[in-house]
Chemist: 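Got a structure here, written out as structure tokens. Questions coming.
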Amino acid sequence: MKKITIAIDGFSSCGKSTMAKDLAQKIGYVYVDTGAMYRAVTLFAMRHSLFNADGTVKTDRLQSLMPNIHISFKLNRETGRPDTFLNDELVETEIRNMEVSGHVSPIAAIPFVRAAMVERQQQMGKDKGVVMDGRDIGTVVFPDAELKIFVTATADVRARRRYDELKGKGLPANYDEILKNVQERDYIDTHREVSPLRKAADAIELDNSHITIDEQNEWLMRQFRRACDENAKREKQPTR
Ligand SMILES: Nc1ncnc2c1ncn2[C@@H]1O[C@H](COP(=O)(O)OP(=O)(O)O)[C@@H](O)[C@H]1O
Ligand SMILES: Nc1ccn([C@@H]2O[C@H](COP(=O)(O)OP(=O)(O)O)[C@@H](O)[C@H]2O)c(=O)n1
């Protein structure tokens with residue numbers, strides 16, 4: 001069967017990467033976590049003191065350093081997820097901490113940062129057979145994706161899930177701080193000028209506030225099968 005492109009967008013911490021990774025594993029596609037790329041740029045900016053005291057970014061300096069930022073992924077056989085590398089250094093754990101979460105949305109709102117990441121993402125998905133999750137995959141990165149999903153869940157549910165995840169990993173976690181961060185990022189992500197988070201007109205919406213991970217994985221597999229069938233039908237139609 002011909003491979004398709006799968007775009008999964010939605011709000012922070014709602015389960016996009018959980019379902020994207022599971023589907024990619026089952027169907028033998030490549031999984032790309034685009035949030036990790038913006039997080040890696042953020043970590044680089046933090047390490048190079050590119051934030052002003054008020055949280056704004058020293059954009060000129062960052063722009064001049066962009067050629068020095070190389071982000072790559074390598075599949076971790078234990079977790080089944082790709083690990084993120086920044087200039088060949090494994091940064092998978094560091095990019096998930098609250099400090100990076102607190103700085104990432106202003107970085108992701110910068111047009112030249114987005115242009116560089118989008119170019120890389122399009123390159124990674126050019127041969128199809130990719131499940132990519134983020135905020136603008138169905139609207140900007142792959143507007144022609146054969147399957148587009150838009151995931152939502154209430155902010156409370158999302159903050160609780162992130163809190164449980166951090167606690168489960170033995171990392172420090174404060175529910176109120178996480179909820180505030182989730183809400184702030186939702187606001188910046190939906191209100192920025194370049195590629196704001198929004199549902200593509202042809203995306204299928206899933207509110208997973210009250211469904212289990214297994215249920216959402218099964219739901220996504222059904223959407224995948226349907227999208228492949230529709231794609232096969234389209235390909236059979238004679239071109240005029
Ligand atoms: N339907 C669900 N029910 C309960 N927990 C979930 C569900 N989907 C995902 N999770 C958990 O929520 C947390 C955030 O999920 P994640 O996939 O990292 O979100 P995102 O990629 O959207 O930020 C993870 O700990 C994940 O295991
Ligand atoms: N395609 C994407 C992916 C992430 N992002 C930004 O990167 C941040 C981190 O993304 P993420 O997917 O790792 O966030 P979580 O949902 O995992 O908390 C988001 O809050 C967005 O600001 C983006 O702008 N565009």
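Both ligands and their constituent atoms are indexed starting at 1 by order of listing. Predicted model only: the values in this text are computed from it and were never measured.
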Chemist: So is Met117 touching ligand 2 or not, going by heavy atoms under 4.0 Å?
Modeler: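 So Met117 does not count as touching ligand 2.
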Chemist: Under 4.0 Å, heavy atoms only, figure out whether ligand 1 is touched by the backbone of Thr212, its side chain, both or neither.
Modeler: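 Backbone only.
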Chemist: May I ask you to establish whether Arg160 and Tyr175 are in a cation-pi arrangement, using a distance under 6.0 Å from NZ or CZ to the six-membered ring centre and at most 45° from the ring axis?
Modeler: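 Positive - Arg160 is close enough to the ring of Tyr175 and near enough to its axis.
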Chemist: Transitive ILVMFWY cluster of Leu197 at side-chain heavy atoms under 4.5 Å: who else is in it?
Modeler: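 Phe11, Phe150, all in the cluster of Leu197.
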Chemist: Side chain or backbone of Glu215 under 4.0 Å from ligand 1, or both, or neither, by non-hydrogen atoms?
Modeler: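 The answer is neither; Glu215 stays 4.0 Å or more away.
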Chemist: Can you tell which part of Gln216 has a heavy atom less than 4.0 Å from ligand 1: side chain, backbone, both or neither?
Modeler: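 It is the side chain that touches ligand 1; the backbone stays farther off.
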Chemist: Which atoms of ligand 2 have any heavy atom of Gly134 under 4.0 Å away?
Modeler: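 This gives 1 (N), 2 (C), 3 (C) as the contact atoms.
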Chemist: How far is atom 9 (C) of ligand 2 from its nearest protein heavy atom, and which residue and atom name does that atom have?
Modeler: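 Minimum-distance protein heavy atom for atom 9 (C) of ligand 2 reads Arg185 NH1, 3.5 Å.
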Chemist: Is Arg47 salt-bridged to Glu94, cutoff N-O under 4.0 Å?
Modeler: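 Looking at Arg47 and Glu94, the cut-off is met.
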Chemist: Which of these, Ile211, Asn208, Leu166, has its nearest heavy atom closest to atom 1 (N) of ligand 1?
Modeler: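 Residue with the shortest heavy-atom distance to the ligand atom: Ile211.
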Chemist: How far is atom 3 (C) of ligand 2 from its nearest protein heavy atom, and which residue and atom is that?
Modeler: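 Result for atom 3 (C) of ligand 2: Thr34 OG1, 3.3 Å.
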Chemist: Has Arg162 got any heavy atom lying under 4.0 angstrom from an atom of ligand 2?
Modeler: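 A heavy atom of Arg162 does come that close to ligand 2.
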Chemist: Would you tell me which option among Gln121, Arg114, Glu165, Met37 has the nearest heavy-atom contact to atom 24 (O) of ligand 2?
Modeler: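 Comparing heavy atoms across Gln121, Arg114, Glu165, Met37, the nearest one to atom 24 (O) of ligand 2 lies in Arg114.
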Chemist: Which of these, Arg162, Arg135, Arg160, has its nearest heavy atom closest to atom 14 (C) of ligand 1?
Modeler: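 The option holding the nearest heavy atom is Arg162.
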